[in-house]
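Quick one: the structure is below, questions incoming.
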2 protein chains.
Amino acid sequence: MKESLRPRYEARAKILKAMAHPSRLLMIEELQKQERCVNELTEMIGTDTSTVSKHLSVLKNAGLVADDRRANCIYYRLRCPCILDFMGCVEEVLSANAEDHKKMMKSCKK
Amino acid sequence: MKESLRPRYEARAKILKAMAHPSRLLMIEELQKQERCVNELTEMIGTDTSTVSKHLSVLKNAGLVADDRRANCIYYRLRCPCILDFMGCVEEVLSANAEDHKKMMKSCKK
DNA sequence: TGGCTATTTGGCTATATGGCCAAATACGAA
DNA sequence: TTCGTATTTGGCCATATAGCCAAATAGCCA
């Protein structure tokens with residue numbers, strides 16, 4: 001790869017990687033609807049608080065979420081809501097995959 | 001996480017994960033322009049053929065690319081071109097990050 | 001068929017990640 | 001200041017991934 005292009009692709013990959021986890025996708029979706037504190041997200045995900053905190057730091061580190069403290073909770077919110085537009089296409093891929101799978105099964109029966 | 005939702009998020013995460021690598025992003029971008037065989041991609045990326053082959057199998061396994069053989073090469077193509085629309089938003093995040101960074105630097109000087 | 005090239009697979013190592021626990025920290029409120 | 005709750009961090013283990021090499025496979029073409 002041309003060296004000059006590498007940082008660009010690495011930066012993009014980092015963002016995609018930050019999104020590429022089931023729990024983090026759930027959080028992103030939730031945070032698009034409304035901001036949430038760590039505790040609330042922990043309940044939704046149903047795992048250890050420390051795990052959720054680490055997931056959030058991945059998202060924050062990628063610049064996908066921002067946080068601010070109010071009262072004694074830290075609220076997270078989605079920084080670029082367009083992120084969720086991704087999902088339309090992701091779903092398209094998934095249904096294309098399902099379609100293929102169906103075809104394959106059919107042709108196996110023959 | 002509600003058990004019924006898990007498979008859905010896992011499927012989505014798998015697709016994002018498949019995209020989340022610099023070399024694979026480069027390939028995806030290239031394959032949107034035109035189909036390419038393993039050898040051509042290997043040259044572009046500048047790494048071992050076997051590595052590229054494995055990257056391609058990740059993409060294929062996620063349903064992002066399809067391949068077919070012609071003459072004695074195997075040509076890969078992008079299955080869902082909408083995938084690249086992602087990048088607009090990814091870039092948006094990146095420039096928001098850059099903006100933040102700039103602000104931070106400024107406020108440090110004060 | 002047999003050779004040749006393109007591609008994939010297996011094996012290995014180094015590195016990164018997710019998850020849990022325990023401990024540390026941060027900060028608002030009394 | 002001190003307490004108590006919310007959050008983060010460090011440590012550990014199990015698992016996954018990238019990359020390279022060597023070897024196996026696949027399938028065109030003479």
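Proteins get letters first, then strands, A, B, ... in listed order; numbering begins at 1 in each.
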Closest to the A/H55 side chain, choosing from C/dG19, C/dG28, C/dA6: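 Given the options C/dG19, C/dG28, C/dA6, the side chain of A/H55 is closest to C/dG19.
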Stepwise salt bridge (Lys or Arg N to Asp or Glu O under 4.0 Å) test for B/K17 and B/E10: CA-CA 10 Å; B/K17 205 170 165 186; B/E10 277 172 358; over 6 Å; no
Steps toward side-chain contact (heavy atoms from CB on, under 4.5 Å) verdict (A/L56, A/R24): CA-CA 8 Å; A/L56 284 166; A/R24 293 198 292 264; over 6 Å; no
Shortest non-hydrogen separation from A/I28 to A/I83 and the atoms involved: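 Closest heavy-atom pair between A/I28 and A/I83: CG2-CG2, 4.0 Å.
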Stepwise salt bridge (Lys or Arg N to Asp or Glu O under 4.0 Å) check, A/D67 with A/K60: CA-CA 8 Å; A/D67 63 319; A/K60 190 173 165 184; 3.1 Å; yes
Sulfur-sulfur distance B/C89/A/C82 under 2.5 Å: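 A disulfide, yes.
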Residue pair B/R77 / B/D68: nearest heavy atoms and the distance that separates them: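 Here B/R77 and B/D68 meet closest at NH1-OD1, 3.1 Å.
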A/R69 or B/K60, whichever maps to the more 5' nucleotide of DNA chain C: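 Closer to the 5' end of DNA chain C: B/K60.
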Cation-aromatic face contact B/R36/B/Y75, 6.0 Å, 45 degrees: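 No.
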First and last nucleotide of DNA chain D, 5' to 3', lying under 4.0 Å from heavy atoms of chain B: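 Counting from the 5' end, contacts occupy D/dA16 to D/dC28.
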Sugar-phosphate only, base, or nothing, as touched by A/R24 at under 4.0 Å among non-hydrogen atoms: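 The answer is sugar-phosphate, as A/R24 gets under 4.0 Å only of primed atoms, P, OP1 or OP2.
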Parallel, tilted or perpendicular, as decided by the 30° and 60° cut-offs, for the rings of B/H21 and B/H55: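 Aromatic pair B/H55/B/H21 classed tilted.
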Atom-to-atom span, NZ of A/K54 to P of C/dC20 - whole angstrom: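 Taking atom P of C/dC20 as the reference, NZ of A/K54 is at 11 Å.
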Separation of C/dA6 P from B/Y75 OH (nearest whole Å):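 Atom-to-atom, B/Y75 to C/dA6, this comes out as 10 Å.
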Complement of D/dA30, any strand, by Watson-Crick or G-U distances under 3.5 angstrom: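 Across any shown strand, D/dA30 pairs with C/dT1.
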Atom-to-atom span, CG of B/D68 to P of C/dT7 - whole angstrom: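 The distance from CG of B/D68 to P of C/dT7 comes to 12 Å, rounded to the nearest Å.
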Sugar-phosphate, base or nothing in reach of A/Y76, heavy atoms under 4.0 Å: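 Sugar-phosphate, backbone atoms only, no base.
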Residues touching DNA chain D, which here means a heavy atom under 4.0 Å, drawn from residues 32-51 of chain A: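 Here the set is A/C37, A/V38, A/N39, A/T49, A/S50.
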Phosphate contact (C/dG19 OP1 or OP2) by A/H21 side-chain N/O below 4.0 Å: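 It does, given that an N or O in the side chain of A/H21 lies less than 4.0 Å from OP1 or OP2 of C/dG19.
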Touch class at under 4.0 angstrom, heavy-atom based, for B/K17 against every strand present: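 B/K17: backbone/sugar contact only, no base atoms under 4.0 Å.
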